[in-house]
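Reviewing the structure listed below.
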Amino acid sequence: MAETTTITRPAPIIEGSLTAFLKSIDKLGAGAVPTGFAGIDPSKYAPKIAAESQLQQDARTAAGGLGSLTGPQAYQQFMSPYQQEVIDTTLSEFDRQQTIANTALRDRAIQAGAYGGGREGVMAAESARGSQMNRANLQANLLAQGFQQAQAAAAQDLAARQGLGQYQQSLGQAGQAQQQAILDAAAAAEREQQFQPFTQLGLIGQQLAQIQPGAFPTQTVGYAPPAAPASPLATALGVGTGVASIGSKLGLFG
């Protein structure tokens, strides 16, 4: 009994596409490259880190000089150049007023008839001691005021510079982040370019895979395979049987 083998092939409308697709896959798998494709070069899309911006470098340099504003002598550069003049003028006025007070004290002693006596001497000495103490306290207060003002100015300058440095740093980081985004986008684009042949074949493969069986007519080819050739033994037996029949008919075998 003859056997029939059925072969189902894709419709002719997509058979050419499938054949071309599989040939392209075979070429890429074997290392062959399509026309215009120079192969994948990972160095072209390797990750890169954006360099620091000039603002960041300037902020770091400026931060290195802030130490001069935090030391024990930092206030000196903020001392008023007119402070000594103010102190000298104030002390001169104090001395003038003290001279007037001493003159008044002497006049009262003269009026009391005690001038030149021991009592007047004690009062004059006590007045001089008090005057010197008051003068020293006045000078110390003036110096303290100048120091406090210089300290406040130094602190304000330090805060201003720190704020400016932070602002520069923020702007610099924003600029660096923008450059990093540009580098990342360029690397991603280059990677897409490098893998373009594979991506293209993948999209084609997805489209071909979505074609459902039966969406296009198929052709069924039927055929019967030829009969197997007779074995030598069967041939010999057939020949023998034929000879015996002929001989029988001729009376060769009685």
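In this text, all values refer to a predicted model and were calculated from it rather than measured experimentally.
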In chain order, what residues pass the salt bridge (Lys or Arg N to Asp or Glu O under 4.0 Å) check against Glu52, with sequence neighbours excluded?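 Testing Glu52 for salt bridge (Lys or Arg N to Asp or Glu O under 4.0 Å), a comparison that skips the adjacent residues, returns Arg60.
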Taking salt bridge (Lys or Arg N to Asp or Glu O under 4.0 Å) as the definition, give me every residue that meets it alongside Asp184, ordered by chain and number, with sequence neighbours left out.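 For Asp184 there are no salt bridge (Lys or Arg N to Asp or Glu O under 4.0 Å) partners, ignoring immediate neighbours.
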Just how far is it from atom [atom1] of [X] to atom [atom2] of [Y], taken to the nearest 0.5 Å?
| X | Y | atom1 | atom2 | value |
| --- | --- | --- | --- | --- |
| Thr89 | Gln84 | OG1 | CD | 9.5 Å |
| Gln54 | Thr61 | CD | OG1 | 8.0 Å |
| Thr90 | Asn141 | OG1 | CG | 11.0 Å |

Smallest separation among heavy atoms of [X] and [Y], with atom names:
| X | Y | result |
| --- | --- | --- |
| Gly172 | Ser53 | CA-OG, 3.0 Å |
| Tyr45 | Ala187 | CB-O, 3.3 Å |
| Gln168 | Asp58 | OE1-C, 4.5 Å |
| Ala59 | Gly165 | CB-O, 3.9 Å |

Would you list the pairs meeting salt bridge (charged side-chain N to carboxylate O under 4.0 Å, His left out) in which at least one residue belongs to [range], sequence neighbours left out?
| range | result |
| --- | --- |
| residues 140-161 | Asp157-Arg161 |
| residues 123-143 | Asp95-Arg135, Glu126-Arg129 |
| residues 70-79 | none |

Answer yes or no: are there more than 12 heavy-atom neighbours, outside Lys48 itself, under 6.0 Å from its atom NZ?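 Result for NZ/Lys48: enclosed.
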Counting neighbours of CD1 on Ile49 that are heavy atoms of other residues, nucleotides or ligands and sit closer than 6.0 Å, is the number greater than 12?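 Incorrect, the count does not exceed 12.
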ILVMFWY cluster membership beyond Leu164 - transitive side-chain contacts under 4.5 angstrom: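 Result for Leu164 is none, singleton.
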Yes or no on side chain to side chain donor-acceptor pair (under 3.5 Å) for Gln194 and Glu190, after CA distance, side-chain angles and deciding distance? CA-CA 6 Å; Gln194 293 286 318; Glu190 184 61 37; 3.1 Å; yes
Just grab all the ring pair (Phe, Tyr, Trp, His ring centres under 6.0 Å) pairs involving residues 159-179, residues at least two apart or on different chains.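 Those involving residues 159-179 do not exist here.
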With [X] via side chain to side chain contact (heavy atoms under 4.5 Å, CB included) - residues at least two apart:
| X | result |
| --- | --- |
| Glu93 | Arg96, Gln97 |
| Ser80 | Tyr82, Gln83 |
| Gln179 | Ala50, Ile182 |
| Ala152 | none |

I'd like to check the ring-ring contact (aromatic ring centres under 6.0 Å, His included) partners of Phe147; sequence neighbours left out, ordered by chain and number.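 Residues passing ring-ring contact (aromatic ring centres under 6.0 Å, His included) with Phe147: Tyr75.
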Do you see a donor-acceptor pair shorter than 3.5 Å between the side chains of Gln145 and Gln149?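 No.
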Side chains of Gln98 and Asn102: do they bring a donor and an acceptor to under 3.5 Å?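 There is such a pair (donor and acceptor under 3.5 Å, judged by atom type) between the side chains of Gln98 and Asn102.
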Shared hydrophobic cluster for Leu91 and Leu143 (ILVMFWY, side-chain gaps under 4.5 Å):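 Hydrophobic grouping puts Leu91 with Leu143.
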Could you see if Met79 belongs to whatever hydrophobic cluster contains Ile87? Use Ile, Leu, Val, Met, Phe, Trp, Tyr and a side-chain cutoff under 4.5 Å.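 Each belongs to a different hydrophobic cluster.
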Side chains of Gln56 and Gln176, heavy atoms from C-beta outward: is any pair under 4.5 Å?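 Gln56 vs Gln176: side chains touch.
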Flag side-chain contact, heavy atom, 4.5 Å: Gln169 against Leu55: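 Contact flag for Gln169/Leu55 side chains = no.
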